[in-house]
Structures are given as structure tokens and as C-alpha cells.
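Every value quoted in this text rests on a predicted model; they were computed, and no experiment measured them. The residues of the chain are indexed from 1 along the displayed sequence.
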Amino acid sequence: MSTQHEFKTEVKQMLDLVIHSLYSNKEIFLREILSNASDAIDRARFEALKDSTILENDPQWKIQILADKEARTLTIRDNGIGMTAEEVEKNIGTVANSGTKNFLENLKNNKEELSPELIGQFGVGFYSAFMVADQVTLVTRRAGDKTQGTRWVSQGDGFYTLETVEKETRGTDVILHLKEEETEFLEEWRLRKIVKKYSDFVEHPITMEVEHQEPVLDAEGKPAKDAEGKPVPPKVVMKEETLNSQKAIWLRPKNEVKKEEYDEFYRHLSHDYQEPFETMHWSVEGQADFKALVYIPQKPMWDMLVSEGTPRGIQLYVHRVFITDSCEQLLPRYLRFLRGVVDSADLPLNVSREMLQEARTLTLIRRNIVKKTLDTLADLQKNSPERYDTFYTNFGAVLKEGLRDDFENSEKLQNLLLFSSTTLEDGKRTTLADYVKRMPEGQKEIYYLTADALANAKNSPRLEAFQKKGYEVLLMTDPVDEFVIPSLESFQGKPLKDISKGEIDLESEEEKKAKEEERKAAKEANSALVTRLQELLKDQVQEVRLSTRLTDSACCLVDAEWALSQQMLRMMRAMKQEVPEQKQILEINPDHPLMATLRTLLEKNPQDPRLEEAAKMLFDSARMMENQPLENPREFAKKVAQLMADGFKA
Ligand code: ADP
């Protein structure tokens with residue numbers, strides 16, 4: 001008896017997206033199903049290492065393609081792990097992967113067009129069958145489950161039926177009933193071509209019954225002749241042929257692998273549509289014995305956004321046997337954009353999860369992958385800076401996480417950083433090393449400013465004193481900078497200093513001495529004003545003080561040395577986290593004419609209501625310069641208009 005079920009909403013969305021956006025490239029449905037079949041065999045082979053009964057006397061791993069022109073069906077059969085009824089429901093009826101779900105959600109919110117490049121990256125594989133089929137049937141039996149199997153049928157219309165069926169052999173049959181206009185996918189030449197193109201390196205044989213012409217022989221074994229003495233035409237027989245070469249390209253010597261082969265294998269691994277940005281193929285002997293083929297993609301994939309969990313970009317093989325793609329020890333999180341395979345000769349085949357956690361070999365492999373990647377990037381930076389810049393635009397934000405997470409490679413990572421700065425044109429970036437080279441004599445620290453956007457950073461009044469002094473300031477606008485830059489305390493012995501925090505000290509001892517008197521006088525002259533402003537703004541700011549940062553602007557807001565930065569608070573709010581109450585410091589510029597006016601007002605009448613008005617406006621304008629919202633923008637605008645009316649004399 002069959003039962004009817006409805007797809008989860010996200011599956012319907014997915015179906016819709018897949019069918020509509022991949023249509024021009026619909027032949028990939030075969031690649032997707034073959035790759036599922038191959039994965040299923042990998043898993044069965046892995047389980048069989050521990051429990052050989054699941055082999056059920058059928059140890060020849062194989063994927064078969066069966067084309068039936070009369071029934072208009074294309075069947076892809078594997079003798080892999082198969083699925084239980086529950087697994088069918090879980091894997092096929094829902095979108096299990098949370099990354100995929102988030103991605104779909106984003107897509108919906110942004111009304112973005114789903115490009116073929118994007119779609120292949122997540123688990124859409126199976127659904128692509130509906131591009132060419134009006135009905136898909138899955139008959140599957142979990143390896144080891146006696147003869148009880150499951151039949152799943154759907155027309156891709158949002159519903160599917162499930163039924164218990166007898167199934168002799170383990171594994172899965174995917175049966176596509178092709179649409180009338182898609183019968184080309186039953187043609188031998190067409191199938192052969194697709195397999196070669198997309199699935200040539202699949203490790204298991206993909207076979208098909210193909211027509212062979214066999215000469216007809218007579219009793220003596222010579223070509224047979226008919227009654228009239230003419231040669232008998234050859235007989236057409238069906239023969240099973242393996243369509244793919246099954247070459248594991250990572251095991252082949254580098255100089256024997258063509259670029260197209262590398263690229264195709266990358267597409268297979270990553271489901272990316274484009275070619276890889278960089279291909280790294282190397283082998284290591286000695287402490288650890290392994291071969292690795294690792295790629296850097298052109299563009300970030302959706303999993304870059306996922307900040308938790310084990311990165312799954314690198315597949316671990318032992319002697320060509322797939323072990324896992326989810327192994328924490330293999331890849332640090334900050335390199336989660338990599339895709340590739342590692343084949344180790346040192347691990348036992350039946351290595352268990354627990355053993356993987358402790359395996360020293362994996363630590364060695366990881367170190368090596370990290371080293372190779374960072375060295376490759378350093379080369380790129382040196383030899384083709386423009387290409388490196390492209391890489392950095394795409395992956396810099398993730399790479400930077402390494403500053404916090406990988407002390408061992410801290411120095412290499414520091415050299416790979418790029419930043420915008422006050423002296424560079426928009427779009428240009430500098431390394432820390434080049435910044436240090438440009439530092440004028442007397443500059444002791446590396447200065448930086450964080451902000452939510454470059455334009456805001458460039459307009460910050462906090463930069464004034466630095467600009468006057470001719471000191472370059474790095475401008476950091478990547479949210480992750482807030483989290484990682486503090487772990488970079490210094491570079492080449494020069495401390496890094498956030499110019500939004502604490503006091504600024506740009507003067508040499510002589511300069512300080514020369515200005516000592518002047519400072520003292522300014523302090524005295526302004527002390528009453530500072531005290532008064534502090535009283536008036538006690539609810540808004542932590543402190544009012546004279547600034548050493550400002551040259552042109554009247555005032556600015558800064559943070560205490562150990563406070564959280566405004567950019568950090570902004571992010572915490574965006575992430576709906578509890579934000580600690582933290583007042584800023586208002587710095588005023590004693591040399592600004594406005595301060596002279598305020599000093600006079602205060603002297604004449606300490607209770608002058610205009611002082612309070614001025615205090616509020618100073619605070620509001622300082623917030624505006626930091627791109628922070630005003631408590632009452634309308635009130636502010638009104639005051640400005642009034643002042644203009646009073647001040648502009650026609
Ligand atoms: P993906 O392969 O990217 O996970 P699919 O939609 O193609 O996404 O498949 C969903 C899941 O269904 C797979 O992860 C796997 O668990 C299961 N599955 C698909 N095909 C097979 C198969 N031939 N044998 C066993 N399980 C399969």
C-alpha cells in the first residue's frame with residue numbers, strides 16, 4: 001500500500017529554482033545522480049570494512065545505466081548503501097542542510113536570480129532529474145536490510161508516494177520517466193558523451209549495455225556465408241561496457257594531468273560552474289605519506305557565510321577509498337574556502353571517527369595543506385599582485401580569521417593582509433610591510449581606524465591630527481577586523497593602535513616640551529568650559545576633554561582605551577546581542593573659534609541657556625560625523641535652521 005506525502009516548502013522552492021534556472025544546462029542531471037550513486041558506493045565500501053555481511057555476495061561495486069526506449073525510461077542503478085524508508089523521507093523529502101536553507105531564505109529575501117554557478121554548490125542534485133523527467137521513481141534498499149525496500153515516486157508537483165516493496169539487491173535504482181521531448185537522453189552516444197564529460201574520474205565503473213556488431217562465423221570459425229555465397233551481415237549483440245576511465249587524477253604525476261582534467265575534477269568536487277582560481281597538486285613523503293590536490297575557487301561559495309561547524313571542503317581518502325569529508329583535523333576553519341582531496345597512505349582503511357580525532361598523520365597533513373596554501377598565496381602576492389588582490393577581495397575576510405586562530409602561521413598571515421588607507425586611492429590596498437616602509441621618521445605606531453564603510457572612515461574627524469602630521473592611517477571596514485586585528489598586537493616591532501580609542505600621542509619629546517606652556521594655558525583657560533559641558537552632557541557622555549586629535553573640527557567622539565569599538569557595538573546590535581551600556585568621550589578642539597565664543601558666554605553668564613543648546617548640538621554633530629543616529633534629528637535640524645536665520649545676514 002502506498003502513502004501520499006507532501007514535500008516540505010523548501011523542497012518545492014528548490015524544485016522550482018532548479019528546474020527554471022538550470023534549464024540551459026540540463027544534462028547535468030546525470031552527473032548529479034551518478035555522483036550520488038558513487039557516494040552511496042563509497043559509504044557501503046566503508047561500512048563493509050567493519051561488517052562484510054552487507055556485501056551480500058555482491059562485492060563488485062558498480063553503477064549501471066539502463067536505457068529503455070520503449071518504456072521511455074532511463075535507470076541509474078547502484079549497489080551502494082541504499083536507504084531505509086526513514087532515510088528516504090529525510091534525505092529526499094526535505095532539505096536537510098541548514099546552509100542550503102539559509103541560502104534559499106536569502107535568495108528569496110533578496111529576490112536574486114539564481115545563477116547556475118550558485119545552484120550546483122548545494123545539495124540540489126537529485127531534484128535536477130525533474131528537468132528531464134515527468135516522473136521519478138526511486139527503488140532503494142539499505143545494505144544489510146534483508147529484502148525489504150522502499151519505492152518513492154513523484155511527478156515533481158509537490159507530492160510523493162512511499163511504498164514498501166521487495167528488492168533483491170542492495171542499493172538504489174533511480175528511474176526517470178523522460179518527458180516526451182527529452183528522449184535524446186536514451187541515446188547511447190549522448191549518454192556516453194555526458195559520462196565522459198562529467199564523470200570520467202568517478203572511481204567506480206559506470207557501465208551500460210551497448211550494441212556491438214559481432215561477425216557471424218561458420219563451423220570452422222571463418223566468416224559465415226549465406227546460401228548464395230554472400231557474407232552474412234554481422235550480428236548485433238548487447239555488451240556491457242564501462243564508460244568512464246576511473247582515473248583518480250590526484251594519484252597521477254602532475255605533468256601527466258591536463259588543465260582540462262584538473263578543471264573538470266574541480267567542478268565535480270565543488271559543484272562549481274567555473275574553473276578554479278588556483279590548482280595545487282603535490283605529494284609528500286617522509287613523516288607523512290600523502291598526495292593532495294587542492295583548489296582555490298574563483299568566488300566564495302555559500303559555506304563561507306557559515307561561521308560554525310567543520311569545514312567540508314577537503315575529502316579524505318586512504319588508498320583511493322573515500323573516508324570522510326567532515327574531519328576537523330584536516331583543515332582549519334579559516335581555509336574553509338578550499339576544495340580538494342587528500343589521499344593518505346599512512347592511515348588504516350577502517351579508520352574510525354575516534355581514531356581520526358587522534359591521528360597524528362592528520363595533524364601533519366593539515367600543517368602541510370596550510371603551508372602549501374599560504375606559500376602559494378605569498379607567491380601570488382609577489383608575482384601577480386592583481387590576481388592576489390582579486391583573491392583577497394573574495395576570501396580575505398575568511399583568511400583573516402587565521403590571525404586569531406593560527407598562531408603558528410601568524411607571521412605568514414600578517415604578510416598576506418591588505419588594507420585601504422588614507423593615502424591610497426579608493427580601491428587600492430597596502431600590505432603592512434609597505435605601510436611600515438612609508439612611515440616617516442618619528443612615527444612609532446601603525447595607526448588604524450575601523451568603520452562600517454570606507455567613505456565614513458575617510459571623513460572621520462579623528463583623522464585630522466594624523467593628516468596634519470603626514471601619518472598614514474589604515475582604514476578597516478571589514479566586520480571581521482574587529483575580531484581579529486586586536487590579536488595582531490604589533491607588526492615588525494611596531495605596535496598597532498586604534499585611533500578611535502584612548503589618548504593620542506603624536507608628538508616628540510621636544511615638541512611636547514615646546515608646547516608645554518601653551519597646553520597648560522589652554523587647559524586652564526578651558527577648564528570652566530569643560531566642567532560646564534560635562535555637567536550639561538552627563539547623561540550622554542562619560543567625559544568631556546580637550547582633544548589632541550582635532551585640527552579643523554570643533555569636536556569628536558572617541559572611546560576609552562579598553563572600550564568596545566562603535567563598529568563592534570553596531571555588529572552586536574545587528575546580531576541581536578545584548579549590548580553593554582557604554583558612553584563615549586567627547587573631545588573638543590580648544591583652538592576652534594566656537595570654543596572661544598562659548599568661553600565668553602560662560603564668563604558673562606554661567607546660566608546662559610545657549611550653553612546647554614550648544615552642548616547638545618556639539619554632541620549631536622559629533623554623532624553625525626560617526627554616522628550614528630541622533631536622538632532627535634528634527635530638533636537638530638530646527639536649531640541649525642534657526643542659527644542660519646540668525647547668522648546669515650543678507
Ligand atoms: P546531495 O547529494 O547534494 O546531498 P541530493 O538531493 O542529490 O543532494 O541527495 C540527497 C540525499 O539523498 C543524499 O545526500 C543521500 O543521502 C541520499 N541519496 C541520494 N541518492 C542516493 C543513492 N543513490 N543512494 C543512497 N542515498 C542517496
Side-chain angles (χ1 to χ4, degrees), residues 26-35 37-38 40-41 45 55-80 129 132-133 137 139 167-249 251-252 256-258 260-261 264-265 268 320:
K26 53 192 165 183
E27 65 188 23
I28 61 147
F29 82 90
L30 190 59
R31 173 189 76 187
E32 298 298 314
I33 296 174
L34 289 172
S35 130
S38 171
I41 291 179
R45 183 173 57 180
L55 289 177
E56 303 171 12
N57 300 321
D58 175 16
Q60 285 296 320
W61 307 113
K62 184 156 90 173
I63 303 165
Q64 284 172 276
I65 299 178
L66 307 140
D68 184 337
K69 287 188 182 168
E70 251 159 62
R72 216 202 297 153
T73 58
L74 181 69
T75 300
I76 292 89
R77 170 174 298 163
D78 70 67
N79 57 359
V132 296
T137 306
V139 183
K167 189 174 186 303
E168 282 294 320
T169 50
R170 74 159 181 271
T172 306
D173 286 3
V174 180
I175 307 155
L176 313 186
H177 186 267
L178 297 179
K179 296 178 184 169
E180 220 172 292
E181 63 278 17
E182 308 293 357
T183 50
E184 62 176 290
F185 294 112
L186 296 171
E187 300 295 341
E188 180 196 316
W189 63 270
R190 187 79 169 98
L191 293 165
R192 202 186 264 284
K193 236 175 139 167
I194 305 176
V195 170
K196 208 70 195 155
K197 179 164 169 197
Y198 295 108
S199 314
D200 194 48
F201 31 70
V202 166
E203 196 197 324
H204 312 289
I206 300 169
T207 72
M208 188 164 64
E209 294 272 322
V210 298
E211 289 185 358
H212 266 261
Q213 305 217 335
E214 235 170 48
V216 181
L217 303 178
D218 62 16
E220 287 158 38
K222 291 192 193 128
K225 301 212 163 109
D226 63 12
E228 289 164 32
K230 286 192 200 139
V232 176
K235 202 167 51 175
V236 176
V237 291
M238 300 304 282
K239 260 202 180 152
E240 189 172 50
E241 188 184 319
T242 299
L243 306 182
N244 57 330
S245 71
Q246 301 165 254
K247 283 180 287 193
I249 73 167
L251 298 181
R252 285 159 56 194
E256 284 177 20
V257 186
K258 290 204 278 285
E260 299 82 68
E261 290 177 287
E264 202 46 58
F265 184 63
H268 164 78
R320 292 183 59 157

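Side-chain contact between M238 and H212: absent, with no pair of heavy atoms (C-beta onward) separated by less than 4.5 Å. You'll find the side chain of V210 stays beyond 4.5 Å of the side chain of W189, heavy atoms only. With a 4.5 Å cut-off on side-chain heavy atoms, E240 and K62 count as touching. For the pair I76/L74, a side-chain contact is recorded, criterion being any heavy-atom separation below 4.5 Å from C-beta on. Between V232 and D218, every side-chain heavy-atom pair lies at or beyond the 4.5 Å cut-off. Considering only heavy atoms from C-beta on, L176 comes within 4.5 Å of I33 through its side chain.
Taking the side chain to side chain donor-acceptor pair (under 3.5 Å) definition, one finds that R190 meets it with E27, E184, sequence neighbours left out. Residues that satisfy the side chain to side chain donor-acceptor pair (under 3.5 Å) test with E209, not counting sequence neighbours, are absent from this structure. Listed by chain and number, the residues in a side chain to side chain donor-acceptor pair (under 3.5 Å) with S199 amount to none (sequence neighbours excluded). Under the side chain to side chain donor-acceptor pair (under 3.5 Å) criterion, S35 pairs with no residue at all, not counting sequence neighbours.
Using modelled atom types, one side-chain atom of R170 and one backbone atom of D58 make a donor-acceptor pair closer than 3.5 Å. In this structure, the side chain of N79 does not engage the main chain of T169 through any donor-acceptor pair within 3.5 Å. Checked by atom type and distance alone, the side chain of Q246 pairs as donor or acceptor with a backbone atom of E203 at under 3.5 Å. Counting only distance, with no hydrogens or angles, the side chain of N244 and the backbone of V195 share no donor-acceptor pair below 3.5 Å.
Sorted by first and then second residue, the pairs that involve residues 167-188 and meet ring-ring contact (aromatic ring centres under 6.0 Å, His included), not counting sequence neighbours, are F29-F185.
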Exercise. Please walk me through it: do K230 and E228 pass salt bridge (Lys or Arg N to Asp or Glu O under 4.0 Å)?
Worked result: CA-CA 6 Å; K230 286 192 200 139; E228 289 164 32; 3.5 Å; yes
For this session: Decide salt bridge (Lys or Arg N to Asp or Glu O under 4.0 Å) for E220 and K222; before the verdict, give the C-alpha distance in whole Å, the side-chain angles of both, and the deciding distance to 0.1 Å.
Result: CA-CA 6 Å; E220 287 158 38; K222 291 192 193 128; 3.3 Å; yes
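Among all heavy-atom pairs drawn from S38 and I63, the shortest one is N-CD1, 3.9 Å. Listed here is the closest heavy atom pair of E188 and E211: OE1-N, 3.7 Å. The shortest non-hydrogen separation linking M208 to I65 is CG-O, 3.5 Å.
Residue K196 places its NZ atom among more than 12 non-hydrogen atoms of other residues, nucleotides or ligands, all under 6.0 Å distant.
Between the CG atom in L30 and the CD1 atom in I206 there is a gap of 7.5 Å [rounded to 0.5 Å]. The CG atom of L191 sits 12.0 Å away from atom NZ of K193, with the distance rounded to the nearest 0.5 Å.
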Hey, can you pull the donor-acceptor pairs under 3.5 Å for the side chains in residues 66-73, sequence neighbours left out?
| from | atom 1 | to | atom 2 | distance (Å) |
| --- | --- | --- | --- | --- |
| D68 | OD1 | E70 | N | 3.1 |
| D68 | OD1 | A71 | N | 3.0 |
| K69 | NZ | E187 | OE1 | 3.2 |
| R72 | NH1 | L178 | O | 2.8 |

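Using a 4.0 Å cut-off between charged side-chain N and carboxylate O, E260 and K258 make no salt bridge.
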